[in-house]
Amino acid sequence: MENQNLNLLDRALGLDGPSEPWPLSGRVVLIEDCVETSGSFVLHQLVKRSLSPTSSNVIIFVAFANPFSHYDRILRKLGCNLVTQRDNKRFIFFDMLMLRCPDVDEGKSSEGGLVLLYEKILKTICGLPGDKKDYVTIMIDDISLVEVAANGGSDYVLDFLHYCHALTSEFDCSLITLNHEDIYSSMERPTLILQMEYLADILIKAEPLSTGLATDVHGQLTVLNKGTSHRLGRSGNKIHNFHYKLYVVLWRKKLVISIDKGYSSEKRSFRRTYHVNGRLGFWNLNTLCVTHLLNG
Amino acid sequence: MADTICRTLRDGGLEGEHAPALTIKDSKASPFGFDVFNYVLTQLSNHILAGKSQSRGLVVVAYSRSPSFYVDLLKRRGIDIASSHDWIHILDCYTDPLGWKNRLIDKDISQEASSLSSFCQDVRNLDKLYSLIIEQGKGLIGQGKDRFSIAIDLVSEMVRHASISSVAGILSNLRSHDQVSSIFWLLHSDLHEIKFTSVLEYLSSMVASVEPFNQAAFGQRVDLENLSMLEQNFRKGKFHVRFKRRNGRVRVMCEEILVELAGIKFTPVLSEDEIINQRLLPKVQFNLQLSEEERNERAKVVLPFEHQGNGKPIQIYDGRRSLGENKEEALVSTGKLQPDEDSGKGQIIYFRDSDDEMPDSDEDPDDDLDI
């Protein structure tokens, strides 16, 4: 069953080999997407692969974008039960939806909030049993919302990412992050996304076809795998490019309603504004199951 | 060219002179700067260990990689610093640069410092960083007149925590310190304003830039046409080096980079010299170069005091008389003396000692000196 579900993305990331040692150990993966082509499905695919029965991975999922129920619904469709994994301590969920820059009265700074988040992650890793400590994957969904929570303080976000990067060399864990390239496209020097690209060992870009819209293909994925030096030696730099198509499942109506409900919540004002601006129409695709990736 | 850089760093600076400084810069389109940095670091380490370099020690200021990364890197290149490291020290600005770990209430998380590396937990304080670097360097070389080298793996990270002027200040101070033999650093040029890159280039005696192999492929959406060019850019690049010589001349050289499993490889580019020379020539209204025909004609011209090779003496036309008159006044000879013909006349004996030099050649004649 496992082998049949392997696709080109898995092969491009080296996930078609043995699960241990985990091919992404000690590596930083950046998923870049845009409004036309959401890259969330890549994140969901990586969650599914990390939690496969043959691997011993533990995921620390730092969620700024969606609640647990959202990921649970999607991964169920992919054949992975997040509730069970959470109970088994293989899927540790940090709900960061309420994190936003506190008012001055509260006395905490944007930097302070991120320091606390880093501390929480570090303590979680150190608190794991010995055999699980070597197989940690930290996932952050998504970095643009971390920036919103830090009140636009991209320097603090970069400091936080630096410390997460340090965790990958200290504990050999993997770091997988998602960011939206088109947010920064109007900037003359988009430092945050550029720094993230320099930090990343593997860059996965989801973008539309250069020829425009198509009915059969939703977009293309480009996987740039920098053969960075690590203790296993050096592997060569590789590029993979393929087209993908996502299959729709009957979730549309439900999702639209849940967004409307979210609208009324006062505390979600930051998120709600962000999501309404250009992403609402696209939101539906986040629920799609990836069952098939076409060759490009 | 990469070897020339390494030799310059190995030889260090003269008494009273600033240490040679190298800037390695790259960009997103061709991100091989770190590979070049590792290559230079390995070469310099080999020179230090072999006793061939002016410097006796190396301080690595690590911002973007952990000390264990450098231990592994040098080990893969045949240098085991875990067991013998009295010549190298790594200043760890990577693990806890802002003291976040130090602030944790739960102090169970211990930090291991060793004789090989030490922590810097406040990278914002550049004065403190300067003192740490000098202190560690002096610790490696001991008392005396020996010198040490410095490698900073990412100045781009340094300038995130401090102002441009303070970063320029610390680099300048390090460069002009009596006991610093050479210094080199890496920079990602697309992360900064041109001002900062220019400041660093001004401070450096060598600037090595890594550029994409196919400039046109960068920045476009991926499609089947540019995919192969992108693939090439991902494995190959161009390496331009600008040297500022002691005599003030600037020399530009170019090589190709190939990133392989074993590391980075530099290969010469054959036809680049002409292009580079053309770029260096100023744009003026008169022609500074020779065409092929002109070059041939020039080669045919016989120099005034040289023998033509047919046994006959050369006649020089001085412009005032017609050819053939007053041959005695025009007699010259080379090499062999001919006492029968020329007694009483002056002789010019001319030995050409070197080949013709191209105008505005960047060759420094003092290069041959072996003092």
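A note on names: the letters A, B, ... follow the listed sequences, proteins ahead of strands, and every chain is numbered from 1. We use all heavy atoms of the structure for the numbers below, so side chains are in, but hydrogens, waters and symmetry mates are not.
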_Could you go through A:Gln195 and B:His188, starting from their C-alpha distance and side-chain angles, then the distance that decides it, and tell me whether this counts as side-chain contact (heavy atoms from CB on, under 4.5 Å)?_
CA-CA 9 Å; A:Gln195 288 268 18; B:His188 298 312; 5.7 Å; no

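In this structure, a donor-acceptor pair under 3.5 Å is absent between the side chains of B:Ser156 and A:Tyr198.
Contacts between B:Ser64 and chain A at a heavy-atom distance below 4.5 Å involve the backbone alone (N, CA, C, O). With a threshold of 4.5 angstrom between heavy atoms, B:His192 approaches chain A through N, CA, C or O but not through any side-chain atom. For A:Leu167, no part lies under 4.5 angstrom from a heavy atom of chain B. In this structure, the portions of A:Leu224 lying under 4.5 Å from any heavy atom of chain B include both its backbone and its side chain. Both the backbone and the side chain of B:Asp26 come within contact range of chain A, each with at least one heavy atom under 4.5 Å from a heavy atom of that chain. If you measure heavy-atom distances from B:Glu193 to chain A, the contacts under 4.5 Å come from both the backbone and the side chain.
A donor-acceptor contact shorter than 3.5 Å is absent between the side chain of A:Tyr118 and the backbone of B:Lys101.
Every residue meeting the ring pair (Phe, Tyr, Trp, His ring centres under 6.0 Å) condition with B:Phe184, not counting sequence neighbours, appears here in chain and number order: B:Phe37. Looking at residues two or more places apart in sequence or on another chain, you find no ring pair (Phe, Tyr, Trp, His ring centres under 6.0 Å) involving B:Phe213.
Minimum heavy-atom separation, A:Tyr163 to B:Thr95: CE2-O, 3.7 Å.
Between the CH2 atom of B:Trp100 and the NE2 atom of A:His162 there is a distance of 9.5 Å, given to the nearest 0.5 Å.
With a 6.0 Å radius and a threshold of 12 heavy atoms from other residues, nucleotides or ligands, B:Lys75 has its NZ atom at or below the threshold.
Classified by interplanar angle (parallel below 30°, tilted 30° to 60°, perpendicular above 60°), the ring pair A:His165/B:Tyr94 is perpendicular.
Interface remark: of the candidates A:Asp159, A:Leu158, A:Asp155, A:Asp159 forms the most heavy-atom pairs closer than 4.5 Å to chain B.
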